[in-house]
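A quick write-up on the structure given underneath.
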Amino acid sequence: MTVEPPELPSSPPPVQPPTAPPRHDVSVSLLVHASPLFGGVLIGLLLRLAFDGQPGQAFATMLWIFIVLAPFAIGAVTVYLAERIKPRSTTYHFFMPVFSVSLCVLGSMLLMLEGAICVVMVMPIFAVMGGLGGVIMGAICRRLQRSKTPTVYSFVALPLVLGLLGVGQDTPHRFEHVERRVLIQAAPADVWKVLLDATTSRPAKSTAPGCTASAYPRR
């Protein structure tokens, strides 16, 4: 009768050290999340450089198609780029385009394209239209399943196309003509002699307090 040797306990498998989660670079993450903001600012500055004409020209700065549609396009581009990263809230859709429009206006001031008085006057309209463009673009991104790229391209190209078509240039012109005639019972030579001869004028007497004497031609 043979006796088998007892089985030795098998050694446990080596314990693998826990793998560390992938490290995300903070600077890269900030750059990715700020890219929608910078994209909207870039589009706004390009549109401002395009609409740099003088009053009466096709791409004048003060045309309503620029004042209304340019911030709308900035807001749409900002939200479009943000939605490509991750879904955003309606609050983001409104306020981030407002911030993007504000940076665009600030950049125009730094590039000497705008003055302070122009910024104060136009900033409320820019803020509202930028937020509106962001909200509309956000709704499009949520409800449409197909690509939204043609839509955002259309928003950017719309003010340029309307400028080429001459829309918004029908500024009304007003001309006035004022004429006054005085009939003098004298020969033209005598009238001009009195007007051109300073020795024939005398100061007018005035009894009103605070009035100074003035000269008028003596007849």
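Using a 4.5 Å heavy-atom threshold, the side chains of L132 and F72 count as touching. Taking the side chain as every heavy atom from C-beta outward, I125 and M129 approach each other to under 4.5 Å. No side-chain heavy atom of C141 sits under 4.5 Å from any side-chain heavy atom of R84. Using a 4.5 Å cut-off on side-chain heavy atoms (C-beta onward), P97 and V79 make contact. When side chains are defined from C-beta on, Y153 does not count as touching P150, because their heavy atoms never get closer than 4.5 Å. Put simply, the side chain of I65 reaches to within 4.5 Å of the side chain of F51, judged on heavy atoms. In this structure, S108 and L45 have side chains that are in contact, with non-hydrogen atoms separated by less than 4.5 Å. Considering only heavy atoms from C-beta on, L160 comes within 4.5 Å of F59 through its side chain.
With rounding to the nearest 0.5 angstrom, the NZ atom of K148 is 11.5 Å from the CZ atom of R142. To the nearest 0.5 angstrom, F38 atom CZ is 8.0 Å from L103 atom CG.
Nearest heavy-atom pair, M109 versus A116, reported as atom, atom and distance to 0.1 Å: CE-CA, 4.3 Å. Nearest approach of S35 to I85, heavy atoms of both residues: OG-CD1, 3.8 Å. Taking each heavy atom of F66 and T61 in turn, the nearest pair found is CD2-O, 3.3 Å. Here the closest heavy-atom approach between residue L47 and residue P159 is recorded as CD2-CG, 4.4 Å. When all heavy atoms of I74 and T78 are compared, the closest pair comes out as O-OG1, 2.8 Å.
Both L164 and V68 belong to a single network of hydrophobic side chains, linked directly or stepwise wherever heavy atoms of I, L, V, M, F, W or Y lie under 4.5 Å apart. Note on L63 and V161: same hydrophobic cluster, where clusters join Ile, Leu, Val, Met, Phe, Trp and Tyr whose side-chain heavy atoms are under 4.5 Å apart, directly or indirectly. Following chains of ILVMFWY side-chain contacts shorter than 4.5 Å, one can reach W64 starting from M62, so the two form part of one hydrophobic cluster. No continuous path of hydrophobic side-chain contacts links V128 to V77 [ILVMFWY only; heavy atoms under 4.5 Å]. Put simply, L42 and V156 are part of two different groups of oily side chains (I, L, V, M, F, W, Y) that touch within less than 4.5 Å, one to the next.
Using a distance-only test at 3.5 Å, with no hydrogens or angles considered, no donor-acceptor pair links the side chain of S100 to the main chain of M96.
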With side-chain contact (heavy atoms from CB on, under 4.5 Å) as the test, would you mind laying out the steps for F155 and I140 before giving the verdict? CA-CA 12 Å; F155 287 153; I140 293 175; 4.2 Å; yes
Decide side-chain contact (heavy atoms from CB on, under 4.5 Å) for H93 and I136; before the verdict, give the C-alpha distance in whole Å, the side-chain angles of both, and the deciding distance to 0.1 Å. CA-CA 8 Å; H93 292 165; I136 292 178; over 6 Å; no
When you look at M137 and E83, which way does the side-chain contact (heavy atoms from CB on, under 4.5 Å) test go after all the steps? CA-CA 9 Å; M137 192 67 213; E83 287 289 330; over 6 Å; no
Stepwise side-chain contact (heavy atoms from CB on, under 4.5 Å) check, I67 with F126: CA-CA 7 Å; I67 297 176; F126 266 47; 4.1 Å; yes
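Within a 6.0 Å sphere centred on OH of Y92, heavy atoms belonging to other residues, nucleotides or ligands number more than 12.
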